[in-house]
Each structure stands twice: as structure tokens, then as C-alpha cells.
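As C-alpha cells, the structure follows; a few thoughts come after it.
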Amino acid sequence: MTEPGAYGGPTALRIMLGVHLRRLRENAGVSRTDAGWAIRGSESKISRLELGRVGFKVRDVDDLLTLYKLEDPEERDRLLALARDANNPGWWQRYDDLTPQWFHSYLGLEMAADLIRTFELQFVPGLLQTPDYARSVVQLGRQDKPLSRAEQDRLVSLRMSRQEVLTRQRPARLWAVIDEAVLRRPIGSRQILKAQLEFLIDAARRHNVTLQIIPFEKGGYTATGGAFTLLRFNDADLPDIVYIEHLTSAVYLDKREELDTYVVTMDSVSITAAQPRETESILRRAIADLDL
């Protein structure tokens with residue numbers, strides 16, 4: 001088990017603790033209903049705790065460990081420490097007045113991920129956006145309620161902070177597959193797009209970044225459902241997760257059969273896309289076309 005706080009974010013810690021609590025409950029032969037009764041809650045509360053979707057009260061975890069007859073004092077102390085760390089706010093909480101609650105979970109998972117595989121049809125992935133491109137995307141997403149300049153600045157700052165996952169001491173690996181349409185759509189302006197494409201050339205040279213582009217001449221491909229992201233973690237206690245964002249909500253998938261479908265789809269679009277060694281030449285052609 002990874003030491004509490006190793007990832008620095010509460011989302012992954014909650015999921016890890018939930019996995020351990022579920023295993024202990026099942027090994028003890030305790031039903032979710034009985035476990036809920038023990039902490040003055042319900043079966044659904046135990047389900048949410050085991051999925052890591054809510055915060056933990058240390059007292060509740062302590063009561064559950066007693067119910068599950070966990071007698072190892074070191075393991076008990078470690079799980080209680082994990083419960084305390086899982087309640088600490090993530091760095092992104094300072095943006096919670098501008099971002100929806102359902103997105104906070106993704107930020108925590110993204111920070112904890114070892115491998116991030118993403119497929120995009122419309123925009124450059126957030127982890128590879130320049131500040132000017134990010135600002136243009138932010139403005140597009142708030143047409144109903146225009147943001148002030150200060151609010152835009154904060155959201156751009158959030159996106160730039162997210163990119164530190166690729167440059168930290170133990171950087172995550174990013175494998176992004178994007179449709180060529182992303183390279184041709186002038187988000188913000190032609191100048192902003194040109195700078196963004198030049199940035200992608202440099203980003204694709206990083207040892208932990210793989211960027212593939214699906215050229216127009218490839219025709220159709222299997223990912224007809226839209227953009228999605230696969231997150232994989234370096235800890236066996238964290239299941240792989242698929243993240244799909246909608247206009248007003250997001251879906252998190254972790255069931256094996258659902259994961260398998262998205263892994264197969266991601267593998268398929270990666271095979272359809274041009275090889276990573278061709279990425280720079282495709283980007284340079286797109287830049288040259290902008291100068292025409």
C-alpha cells in the first residue's frame with residue numbers, strides 16, 4: 001500500500017481507502033447494510049465510501065475497522081492516517097467557485113495518474129494547451145455567462161497548474177491522440193493557433209509525451225462517441241478509470257467490461273492515427289497552411 005499522502009491529493013486517497021474498506025468488509029462477511037448501521041448510516045453511504053466518492057470521518061473509519069475485526073495495530077494506524085489525509089483539500093479547491101464539483105474529482109485523479117491516455121476531437125488536450133489557447137477555450141465554454149478578465153486568468157492558471165503533472169519529479173506519461181480537425185480550427189485566432197501548434201512540436205519531443213494525429217485521409221474511425229480520457233495509476237489499489245465529460249456533468253467508469261471497451265477503442269484510434277514519428281511533419285504542414 002502506498003504511504004498516506006504520497007500522491008498529495010485527496011481523490012486518489014479516498015479511492016484507495018475505499019478499496020481497503022471494501023476488501024476488509026467482504027473478508028469479514030459483513031453486508032453493506034450492517035456496515036452502514038454500525039456508523040449510523042445507510043447501505044448507500046457505505047457504497048459511496050467504498051467508491052471514494054465522499055469524504056471520510058475518522059470516527060466512522062475507526063468504527064468500521066473494529067466491525068471488520070482489523071487487529072493489526074500498524075495497519076489500523078495507517079488506514080486511519082489515510083482517512084485523515086483524504087480529507088485534506090486539494091490545491092484546486094481555491095478554484096471551486098469557478099469549477100463544478102464533478103470536475104474536482106478528475107483533477108485529483110489526473111494528479112495521481114501514472115499514465116494518461118486521451119482522445120480529442122475538437123480541442124488540444126488541456127495538458128498541452130498554451131495560456132492564450134486555454135483562454136480562448138475558456139471563453140468558448142461560458143457564452144451564457146461571460147467571465148471577467150480576472151476569472152479567465154484564474155481558470156487559465158488552473159490549467160497551467162495541471163500541466164505540472166508532466167514536469168514534476170516523477171512525471172506522468174501522456175499519450176494523446178487528436179483528430180487533424182483540432183489543428184485546423186482557429187481557436188481564438190490564427191496567431192494563437194500557430195503558437196499552439198509550435199508548442200505541440202516541442203511538447204511531442206518530451207520523453208513522457210506521445211502525440212498522435214489522425215489525418216483527414218484516414219477517413220472514419222471507431223471512436224464515434226466523442227472525447228474521453230483513460231487514467232492508469234501506479235498503485236494496485238487504484239483501479240483504471242475512464243473519464244467522459246459532458247456539458248453539465250461527467251461520467252467516471254471503472255467497471256472491467258466498460259474499461260475494456262474504452263481500452264480497445266483507444267488502441268484502435270492509436271493504430272488508425274499516424275505514427276508518433278510523423279507528428280512533427282503533420283504539425284509543420286498545418287503551420288505552413290496557416291501562413292498561406
Side-chain angles (χ1 to χ4, degrees), residues 106 109-130 133 137 162-163 165-167 170-187 193 196-236 238-246 250-290:
Y106 176 75
L109 292 169
E110 182 181 73
M111 186 175 66
D114 178 63
L115 172 63
I116 303 167
R117 298 183 69 184
T118 188
F119 171 66
E120 278 286 353
L121 288 155
Q122 185 174 4
F123 301 115
V124 169
L127 293 179
L128 296 176
Q129 291 179 6
T130 64
Y133 187 96
V137 173
R162 286 173 54 197
Q163 295 181 6
V165 74
L166 300 178
T167 58
R170 290 169 50 195
R173 292 172 292 149
L174 175 65
W175 185 352
V177 180
I178 62 177
D179 191 283
E180 185 178 353
V182 173
L183 314 182
R184 306 291 177 171
R185 184 173 291 109
I187 302 296
L193 179 59
Q196 175 65 75
L197 299 182
E198 291 170 344
F199 178 82
L200 288 179
I201 291 175
D202 292 334
R205 293 171 178 167
R206 297 180 192 171
H207 70 91
N208 60 322
V209 174
T210 300
L211 178 61
Q212 290 183 270
I213 298 163
I214 303 178
F216 287 141
E217 60 262 26
K218 289 289 185 177
Y221 43 85
T222 58
T224 57
F228 64 93
T229 298
L230 277 165
L231 300 168
R232 179 162 292 174
F233 308 91
N234 199 29
D235 193 295
L238 284 168
D240 293 353
I241 291 175
V242 175
Y243 173 76
I244 307 168
E245 188 171 314
H246 301 304
V251 176
Y252 296 84
L253 306 175
D254 60 4
K255 292 182 180 178
R256 187 73 261 167
E257 59 271 22
E258 295 172 328
L259 285 169
D260 288 345
T261 297
Y262 278 91
V263 169
V264 169
T265 300
M266 182 65 83
D267 288 345
S268 177
V269 296
S270 298
I271 293 170
T272 300
Q275 292 296 305
R277 64 177 179 272
E278 301 175 76
T279 294
E280 183 170 338
S281 62
I282 295 173
L283 289 168
R284 291 199 181 281
R285 286 199 300 271
I287 291 171
D289 290 344
L290 284 171

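Nothing fancy with the numbering, it's 1 onward along the sequence. Since we're looking at a predicted model, the values are computed, not measured.
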Sequence neighbours excluded, the answer for side chain to side chain contact (heavy atoms under 4.5 Å, CB included) partners of Gln122 is Arg185
Has Thr272 got a side-chain atom pairing as donor or acceptor with Ser268's backbone, closer than 3.5 angstrom? yes
Applying ring-ring contact (aromatic ring centres under 6.0 Å, His included), name anything that partners Phe123, two or more places apart in sequence or on another chain. none
Got Asn208 and Leu174 here, is their nearest side-chain heavy-atom distance under 4.5 Å? no
Residues that Asp114 engages under side chain to side chain donor-acceptor pair (under 3.5 Å), provided they are two or more places apart: Arg173
Quick one: does Leu230's side chain get under 4.5 Å of Ile116's, heavy atoms only? no
At what distance, to the nearest 0.5 angstrom, does CD1 of Ile214 lie from CG of Leu183? 11.0 Å
With sequence neighbours left out, what residues match Asp240 under salt bridge (charged side-chain N to carboxylate O under 4.0 Å, His left out)? Arg232
Under 3.5 Å, is there a donor on one side chain and an acceptor on the other for Tyr106 and Glu110? yes
Between the side chain of Glu245 and the main-chain N/O of Ala227, is any donor-acceptor distance below 3.5 Å? no
Full working for side chain to side chain contact (heavy atoms under 4.5 Å, CB included) between Trp175 and Ser270: CA-CA 9 Å; Trp175 185 352; Ser270 298; 3.7 Å; yes
Selection residues 251-277 - residue pairs positive for ring-ring contact (aromatic ring centres under 6.0 Å, His included), sequence neighbours left out: Phe228-Tyr262, Tyr243-Tyr252
Sequence-distant partners of Arg284, side chain to side chain contact (heavy atoms under 4.5 Å, CB included), two or more places apart: Ile201, Arg205, Glu280
For Glu120, the salt bridge (charged side-chain N to carboxylate O under 4.0 Å, His left out) test, sequence neighbours excluded, returns none
Once you round to the nearest 0.5 Å, how far does CG of Leu197 lie from CG of Leu290? 6.0 Å
If I take atom CZ from residue Arg184 and atom CZ from residue Phe216, how far apart are they, to the nearest 0.5 angstrom? 6.5 Å
Would you list the pairs meeting salt bridge (Lys or Arg N to Asp or Glu O under 4.0 Å) in which at least one residue belongs to residues 263-279, sequence neighbours left out? Arg117-Asp267
Answer yes or no: is there an ion pair linking Arg285 with Asp289, defined by an N-O contact shorter than 4.0 Å? no
Identify, with sequence neighbours excluded, every residue that meets side chain to side chain donor-acceptor pair (under 3.5 Å) alongside Thr118. Thr229
Residues in side chain to side chain donor-acceptor pair (under 3.5 Å) with Ser281, at least two apart? none
Apply side chain to side chain contact (heavy atoms under 4.5 Å, CB included) to Leu200 and Val124, showing your working. CA-CA 9 Å; Leu200 288 179; Val124 169; 4.0 Å; yes
Over all heavy atoms of both residues, which pair between Ala181 and Leu121 is shortest? Give the atoms and the distance, please. CB-O, 4.3 Å
Nearest 0.5 Å please: distance from the CD1 atom of Ile187 over to the OG1 atom of Thr130. 11.5 Å
Does Gln212 use its side chain to pair, donor to acceptor, with the backbone of Ala274 at less than 3.5 Å? yes
